[in-house]
Amino acid sequence: MASDAGNPTELPVAKEAKPRLGIPAASFLEDIDAFMNEPDNESVEVVLKRFDMQAQKYRFMEASLEHKKERSRNRPVNIKKTLDVVKHLQAGRDSGEDIPTQSMLADQLYVNAVIPPTSTVCLWLGANVMLEYPIDEARDLLESNLATSLKSLEDIQADLEFLRDQRVTTEVNMARVFNWNVRRKEAKKS
């Protein structure tokens, strides 16, 4: 438990926790009396307000990461489908046989087509960009993109778990400070 006495808006930060994405790590307040006696904690209301602001920031970051996770969830599926098609084209090229297929022209309207063996494939990269690649390079690119996309999803999930831990720790600290204040007021009455 450490706080910066020079900045009254700083909250205790865990030294052992590894911050992710610049997310400040919250530490559990072991000794509320010592924490409340620090110079920058002039009143319970100020401390609770700081904790509440920090909890709101954690909730906002959590919502942002959840949204990012939802946007990123379909990306590996789409890359995998494209990779499967490229592998199928590669197998057709290696066998030297035509590949019969059906292609959708419009909703509920399909056309039969035959794809001759080819050594190149066009990949839609997004932002109105399509590039032609040799099949082997396209496969390597898609495999690399798939690995990157899966790693990105893992990182987002790890960041979300870290963020939830920090939010919960902050909310527990708020409850402990509030309860400390209630006990203090009851002791003054007796």
Side-chain angles (χ1 to χ4, degrees), residues 11 13-28 51-172 174:
L11 293 173
V13 175
K15 292 179 184 175
E16 66 281 349
K18 177 185 164 209
R20 303 181 58 89
L21 283 181
I23 300 168
S27 68
F28 181 73
F51 276 128
D52 187 50
M53 285 176 39
Q54 191 65 34
Q56 286 178 12
K57 289 176 187 177
Y58 286 140
R59 282 190 286 274
F60 176 76
M61 288 186 270
E62 191 175 350
S64 176
L65 277 176
E66 283 289 351
H67 184 67
K68 183 177 179 180
K69 181 180 174 183
E70 283 303 313
R71 284 191 322 249
S72 301
R73 186 170 292 185
N74 290 333
R75 190 161 191 257
V77 174
N78 293 337
I79 293 172
K80 179 76 172 118
K81 286 178 184 177
T82 304
L83 183 59
D84 290 343
V85 169
V86 169
K87 287 178 181 177
H88 190 66
L89 289 173
Q90 192 176 32
R93 179 199 65 189
D94 294 343
S95 70
E97 296 178 12
D98 290 345
I99 302 171
T101 187
Q102 284 189 340
S103 181
M104 185 170 77
L105 291 179
D107 290 338
Q108 305 297 322
L109 180 60
Y110 292 85
V111 64
N112 290 327
V114 176
I115 301 173
T118 181
S119 61
T120 61
V121 64
C122 292
L123 294 180
W124 180 260
L125 301 179
N128 294 327
V129 176
M130 181 179 280
L131 290 178
E132 184 175 10
Y133 286 94
I135 286 183
D136 297 328
E137 283 184 36
R139 182 176 178 171
D140 293 342
L141 175 68
L142 288 170
E143 287 172 346
S144 170
N145 286 353
L146 181 60
T148 301
S149 181
L150 291 172
K151 175 74 171 111
S152 175
L153 272 176
E154 289 174 9
D155 289 345
I156 291 170
Q157 185 60 39
D159 290 338
L160 273 170
E161 289 170 8
F162 179 79
L163 195 51
R164 286 181 187 127
D165 288 344
Q166 304 320 300
R167 180 181 47 83
V168 167
T169 300
T170 301
E171 289 170 351
V172 167
M174 285 174 63

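Keep in mind that what you see is a predicted model, and the values were worked out from it rather than measured. The figures here come from the full heavy-atom set of this structure, side chains too, leaving out hydrogens, waters and symmetry mates. Index from 1, following the sequence.
Of all the heavy atoms in Y58 and P24, the pair that sits closest is OH-O, 2.5 Å. Nearest heavy-atom pair, Y133 versus A138, reported as atom, atom and distance to 0.1 Å: CB-CB, 3.8 Å. Between G92 and P117, the closest heavy-atom pair is O-CB, 4.1 Å.
The line from OG1 of T82 to CG of L123 is 7.5 Å long, rounded to the nearest 0.5 Å. Of the inter-residue distances, the one linking L153 atom CG with R75 atom CZ reads 9.5 Å to the nearest 0.5 angstrom. Note that CG of L150 is 11.0 Å distant from OG of S72, once rounded to the nearest 0.5 Å. The line from OH of Y110 to OG1 of T101 is 11.0 Å long, rounded to the nearest 0.5 Å. Interatomic distance, S64 OG to K69 NZ, rounded to the nearest 0.5 Å: 13.5 Å. Atom CD of E62 sits about 9.5 Å away from atom CD1 of I23, to the nearest 0.5 Å.
Every residue two or more places apart in sequence or in another chain that forms a side chain to side chain contact (heavy atoms under 4.5 Å, CB included) with N78 is listed here: N74. Qualifying side chain to side chain contact (heavy atoms under 4.5 Å, CB included) partners for D52, counting only residues two or more places apart in sequence or in other chains: Q56, R59, M174. Listed by chain and residue number, E143 satisfy the salt bridge (Lys or Arg N to Asp or Glu O under 4.0 Å) test with R139 (two or more places apart in sequence, or in another chain). Among residues two or more places apart in sequence or in another chain, the salt bridge (Lys or Arg N to Asp or Glu O under 4.0 Å) test is passed with K81 by none. In this structure, the salt bridge (Lys or Arg N to Asp or Glu O under 4.0 Å) partners of E66, at least two apart in sequence or on a different chain, are R164.
With T169 contributing its side chain and D165 its backbone, the two residues share a donor-acceptor pair below 3.5 Å. In this structure a side-chain-to-backbone donor-acceptor pair under 3.5 Å is missing from S144 to D140. Formation of a donor-acceptor pair under 3.5 Å by the T170 side chain with backbone atoms of Q166 is found in this model.
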For a side-chain contact (heavy atoms from CB on, under 4.5 Å) check, start with the C-alpha distance between S152 and I156, then their side-chain angles and the critical distance, and finish with the verdict. CA-CA 6 Å; S152 175; I156 291 170; 4.1 Å; yes

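Residue pairs meeting the side-chain hydrogen bond (donor to acceptor under 3.5 Å, both in side chains) criterion with at least one member in residues 116-130, sequence neighbours excluded, are T120-E132.
Note on D136 versus R93: salt bridge recorded, some NZ/NE/NH1/NH2 to OD/OE distance being below 4.0 Å.
In K87, the NZ atom is crowded: over 12 heavy atoms of neighbouring residues, nucleotides or ligands sit closer than 6.0 Å.
Of the listed residues (V85, D84, I79, V121), just one forms a side-chain contact (heavy atoms from CB on, under 4.5 Å) with L142, and that residue is I79.
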